[in-house]
A.B. asks: 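If you scroll down you'll find the structure; I have some questions about it.
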Amino acid sequence: MPESPGGGDAGAPPQATENENPQTERTAAGPPVLSKNARKKLAKQQRFEAKKAEKKAAAKEQKRKEVERKRKEWEESLAGVSKEEKAKLIESRRNLRKERMEKRSLEKESKRERLTVARERGQNVVVDLQFSHLMNPNEIHSLVQQIMYCYAVNGRCASPAHLWLTGCEGEMDSALKRIPGIDKWIIEKENRSYIEALSNRKEDLVYLTADSETVLEELDLKKAYVIGGLVDRNRWKGITLKKAEEQGIQTAKLPIGNFMKMSSSQVLLMSQFLP
């Protein structure tokens, strides 16, 4: 889990100069633009996203073919039996579908109960989403996908965390609203920043950032752990730490180096923070 998903930090953009951020350069007009190296990385990411979309389409087509194959097999199996046997097969299939639906219903209700309990007594995990201005559309889409996966994985946990989405404004809010059924999610969704939404618990906030000098050895149920919601491809290093220090809140980093060997920066996807 990174403290910002995808391998970077999150926070308010610094007053960067060319020396502070070699990934960008300034035009005569003033606004920063991507450097040649950054453009290459962006193009690589776009090719990756395009390839991923192709794989998804291929998987969808394969699934459609599989459904069609099973349908034909079913029709053939009915065609070769007597009327009596046909009725038995249909009834057996109907009962099997009913059992599956009842099982899914029970699982759904159990998930809802666990998440409701987590709302009252679970570990609070806050995703700070005030950074859509730092991301391109593909990166926003990637972040939304991580949030969806995060919620799904959390719901399957025996002791799920209680999730907060804060700073849901502008492009980020629009992207979230396109998630099917998000209005039924058992989460806290706030247009306000986490500082405003949890103003009465400021002393309990801990911003998770790989740049912190404090190593998080164990979770504290009294604390609310903040994760930077920024997919930045390492364009904005150190921003989360700077933001937390300016706001006067605690910071910590996960003990990733103690348990994992990673070739580059020691950050994980957002969902990998969950139990």
Side-chain angles (χ1 to χ4, degrees), residues 1-58 127-150 167-176 178 207-213 226-246 251 253-254 256-257 260-273:
M1 163 210 75
E3 289 72 51
S4 61
D9 289 321
Q15 300 299 317
T17 64
E18 292 180 6
N19 291 331
E20 291 172 336
N21 189 357
Q23 294 285 347
T24 63
E25 54 191 25
R26 291 184 178 275
T27 63
V33 296
L34 291 178
S35 65
K36 183 178 180 180
N37 186 44
R39 288 197 298 271
K40 285 182 178 179
K41 287 184 177 180
L42 179 59
K44 182 179 180 181
Q45 176 61 22
Q46 289 173 336
R47 290 194 296 271
F48 171 78
E49 294 291 347
K51 189 173 182 180
K52 186 167 69 171
E54 289 177 5
K55 287 183 177 180
K56 185 176 180 180
V127 185
D128 183 9
L129 297 175
Q130 287 190 298
F131 317 113
S132 59
H133 61 288
L134 300 180
M135 294 182 283
N136 61 46
N138 283 340
E139 289 166 342
I140 291 176
H141 175 74
S142 177
L143 177 57
V144 170
Q145 292 294 310
Q146 290 191 46
I147 290 171
M148 292 171 62
Y149 179 74
C150 186
C168 303
E169 296 182 303
E171 292 182 56
M172 195 70 245
D173 187 45
S174 299
L176 289 172
R178 290 194 287 270
Y207 214 124
L208 297 178
T209 168
D211 298 303
S212 177
E213 294 182 358
V226 185
I227 305 170
L230 171 63
V231 177
D232 67 335
R233 316 303 171 193
N234 286 324
R235 293 196 304 274
W236 300 97
K237 294 182 179 179
I239 297 179
T240 340
L241 179 63
K242 181 179 179 181
K243 179 178 183 181
E245 288 176 342
E246 289 176 348
T251 66
K253 64 180 177 181
L254 298 179
I256 298 172
M260 298 178 65
K261 291 183 179 180
M262 301 183 73
S263 59
S264 56
S265 59
Q266 295 185 356
V267 292
L268 299 175
L269 289 177
M270 182 171 60
S271 57
Q272 290 173 300
F273 172 77

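Atoms considered below: every heavy atom in the structure, side chains included; atoms not considered: hydrogens, waters and symmetry mates.
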A.B. asks: Do Lys41 and Lys44 have side chains that get closer than 4.5 Å, going by heavy atoms?
C.D. replies: no

A.B. asks: Less than 4.5 Å apart, any side-chain heavy atom of Lys243 and any of Thr209?
C.D. replies: no

A.B. asks: Under 4.5 Å between any side-chain heavy atoms of Leu129 and Glu169, yes or no?
C.D. replies: no

A.B. asks: Would you please name every residue forming a side-chain contact (heavy atoms from CB on, under 4.5 Å) with Asn136, sequence neighbours left out?
C.D. replies: Leu42, Asn138, Glu139

A.B. asks: Quick one: pull up CE in Met135 and OG in Ser142 and give me the separation to the nearest 0.5 Å.
C.D. replies: 9.0 Å

A.B. asks: Are side-chain heavy atoms of Thr240 and Thr251 found at a separation under 4.5 Å?
C.D. replies: no

A.B. asks: Roughly how far apart are Ile140 CD1 and His133 NE2, rounded to 0.5 Å?
C.D. replies: 10.5 Å

A.B. asks: Within the 4.5 Å heavy-atom criterion, are Leu143 and Phe131 side-chain neighbours or not?
C.D. replies: no

A.B. asks: Measuring only between side-chain heavy atoms, which start at C-beta, is Glu246 closer than 4.5 Å to Lys242?
C.D. replies: yes

A.B. asks: Name all residues meeting the side-chain hydrogen bond (donor to acceptor under 3.5 Å, both in side chains) criterion together with Ser132; count only those two or more places apart in sequence or in a different chain, and write none if there are none.
C.D. replies: none

A.B. asks: Taking salt bridge (charged side-chain N to carboxylate O under 4.0 Å, His left out) as the test, write out the residues that go with Lys40, two or more places apart.
C.D. replies: none

A.B. asks: Could you tell me which non-hydrogen atom of Asp211 sits nearest to which non-hydrogen atom of Gly238, and how far apart they are?
C.D. replies: OD2-CA, 3.2 Å

A.B. asks: Ignoring hydrogens, what is the shortest heavy-atom contact between Tyr207 and Asp128? Give both atom names and the distance.
C.D. replies: OH-OD2, 2.9 Å

A.B. asks: Measure across Cys168 and Leu176 and return the closest heavy-atom pair with its distance rounded to 0.1 Å.
C.D. replies: SG-CD1, 3.7 Å

A.B. asks: With rounding to the nearest 0.5 angstrom, report the CD1 to CE distance, Ile147 to Met172.
C.D. replies: 4.5 Å

A.B. asks: Working note: Glu54 + Lys51, criterion salt bridge (Lys or Arg N to Asp or Glu O under 4.0 Å); need CA distance, chi angles, decisive distance, verdict.
C.D. replies: CA-CA 5 Å; Glu54 289 177 5; Lys51 189 173 182 180; over 6 Å; no

